[in-house]
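Before any comments, here is the structure.
Ligands are counted one by one from 1 in listed order, and the atoms in each one are counted from 1 as well. Position 1 is the first residue of the sequence; numbering continues from there.
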Amino acid sequence: MHEQAYRWKNRKIREQVAVIDGKQAPTLVLTNATYLNVQLKAWMTANIWIHEDRIIYVGDQLPANTENTEMVDCTSQFLVPGYIEPHVHPFQLYNPLSFAQYASKLGTTTFVNDNLMLTLQMTKKKAFSFIEEMNKSAATMYWWCRFDAQTEIKNEDDIFSTPNIKSWLNHPLVMQGGELTSWPKLMAGDDLILHWVQEANARKKPVEGHFPGASEKTLTKMQLLGIHSDHEAMNGADVIKRVSQGYHASLRYSSIRPDLPLILEELEASGVHYYDQTFFNTDGSTPSFYESGVIDRTIAIALDKGVPEIEAYRMGSYNAARHFSMDKLHGSIAPGRIANINFLKAKEEPTPVSVLSKGMWVTRDNEPVKEAFPAQNWSSLGLEPMKLGWDLSMDDLQFSMALGMEMVNEVIIKPYTISVDVSGDSLSTTHDQSYLMLIDRKGKWRVNTILKGFGTHVQGFASSYSNTGDIVLIGKDKSAMMKAFQHMKDLGGGMVLVEDGEVICDIPLPLAGGLSDCRMEELMKQETELRNQLFERGYTFNDPIYTLLFLSSTHLPYIRITPRGIYDVMNKTVLFPSIMR
Ligand SMILES: Nc1ncnc2[nH]cnc12
């Protein structure tokens with residue numbers, strides 16, 4: 001049995017019960033609190049006793065013993081359960097803790113995180129130490145268990161093996177299987193994936209799908225195959241289709257798919273006012289998207305679109321908790337729950353003025369509490385600066401094929417016939433075709449092609465941030481690409497833009513080459529600067545960070561650059577294999 005399986009040890013539970021009898025003082029009492037009772041769907045008034053990280057009592061009484069108890073009068077405030085973000089990709093330049101710290105300040109204190117980067121880049125033992133360490137923070141950090149890499153890697157069968165999947169699913173901090181980007185394989189008859197879905201369901205852990213644009217028939221089959229939730233609804237009709245088939249639908253407001261306002265408008269217009277099976281997510285948006293908030297922002301949108309107040313707060317908390325069967329610990333202000341409580345100035349203002357997470361103040365009267373998230377020693381968790389023990393040479397920068405990759409938008413890419421001479425050392429700025437290379441972080445292989453649509457004037461760009469942790473180089477000019485690579489290598493990982501022999505801007509990513517160790521506020525500035533520099537150089541879409549992440553992601557159409565080579569997604573074939581160096 002995992003140590004984390006018991007949330008509290010027996011001795012601690014006895015201590016909590018002793019608070020009721022006055023034998024032990026609670027650590028905190030919130031008096032005269034108007035709070036949302038999510039079970040009764042009503043605002044009520046109570047005194048709330050908290051002992052350390054747990055809510056002990058909610059009702060009219062005050063404790064008999066208040067020795068050293070902090071007493072807080074909540075008259076004129078409105079208390080709601082801490083918000084839950086059920087679908088976090090915690091590696092979008094930010095790291096799990098910088099994201100949690102930022103979001104907690106705004107009332108989102110429970111997170112269900114993607115394990116993709118951990119499972120691709122760490123041993124299982126290290127990954128489990130990592131997730132256990134994350135949960136020691138002021139935030140509650142849960143995880144998913146991916147069943148596929150959403151790209152073509154050489155050792156997929158070793159990473160996604162039944163013993164590995166079972167150990168992840170057995171971990172008490174793991175709350176769901178998926179997101180299942182490889183659902184087409186499941187549909188096509190892959191019984192190994194079906195076995196893992198069964199294993200998750202047998203452990204009462206839901207499996208989340210990834211079904212953009214799915215037909216009624218596909219959704220029906222997926223229910224039969226054991227997938228009961230999805231976060232890919234893009235409009236009201238998609239939500240109705242899912243909910244009426246028994247799905248739990250996570251409504252998305254993210255940097256690449258900010259669909260929530262439209263979804264809610266369409267639901268309202270269609271006369272569907274049923275919200276119990278829905279909750280919100282921000283789907284790993286890029287850092288600057290979060291300037292306007294996290295789950296607090298989604299609740300504000302719901303209120304604005306006419307969702308009844310109590311339903312909107314339930315969607316941001318209780319509905320998500322129920323979905324993961326963690327409502328005994330999360331999603332309500334009731335005895336026994338973890339003390340995650342948001343204090344609002346007004347019912348219609350979901351961004352809290354004060355936030356309790358695990359019974360600790362993380363924000364107090366609009367001031368973030370500094371000590372809530374102490375600095376993390378990342379290298380002890382295996383996240384060190386990248387050390388590339390190899391060099392790039394001009395020989396690597398050979399581009400001599402006829403088939404390139406053309407961006408339809410920031411994430412959809414189709415094959416195209418290269419229409420310019422790519423044999424020299426630089427490309428003209430009169431078109432938007434650039435050299436593209438994906439190169440193994442260990443320096444063993446590379447894949448070279450041409451990318452159309454990334455810009456007209458990007459001379460040299462390097463990024464160690466990618467789906468697999470391998471290195472992406474893009475540019476018009478081979479020597480600028482070499483320089484960008486070298487600077488990225490010197491940084492120990494990062495994103496680097498070079499022009500006329502100078503570094504124009506960079507984002508250092510010292511945690512394994514993929515993550516920043518900066519606070520979110522600083523990272524937002526860095527990301528905004530890089531985006532603007534790329535926009536100025538002819539990047540015409542909205543989200544260059546997602547372009548980089550998804551260049552090798554095979555859950556998207558139509559063609560991808562992967563560690564195995566240039567990959568045709570629809571036909572599931574490698575068109576041009578990677579080249580050994
Ligand atoms: N499937 C995915 N993998 C990684 N990051 C994502 N952000 C949104 N979808 C994602």
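Surrounding OH of Tyr558 are at most 12 heavy atoms belonging to other residues, nucleotides or ligands under 6.0 Å away. Counted within 6.0 Å of CZ on Arg203, heavy atoms from surrounding residues, nucleotides or ligands total more than 12; the atom is thus considered enclosed.
For Asp283, the side-chain hydrogen bond (donor to acceptor under 3.5 Å, both in side chains) partners at least two apart in sequence or on another chain are His87, His89, Arg252.
Under the side-chain hydrogen bond (donor to acceptor under 3.5 Å, both in side chains) test applied with Tyr142, the options Gln176, His171, His330 reduce to a single match, His330.
Contact shell of ligand 1 (protein heavy atoms, cutoff 4.0 Å): His89, Gln92, Arg146, Gln150, Glu179, Asp283, Tyr546, Leu549, Phe550, His555.
Residues Ser552 and Asn467 have side chains that never bring a donor and an acceptor to within less than 3.5 angstrom of each other.
Taking the six-membered ring where the residue is Trp, Phe279 and His323 present tilted rings, their angle falling between 30° and 60°.
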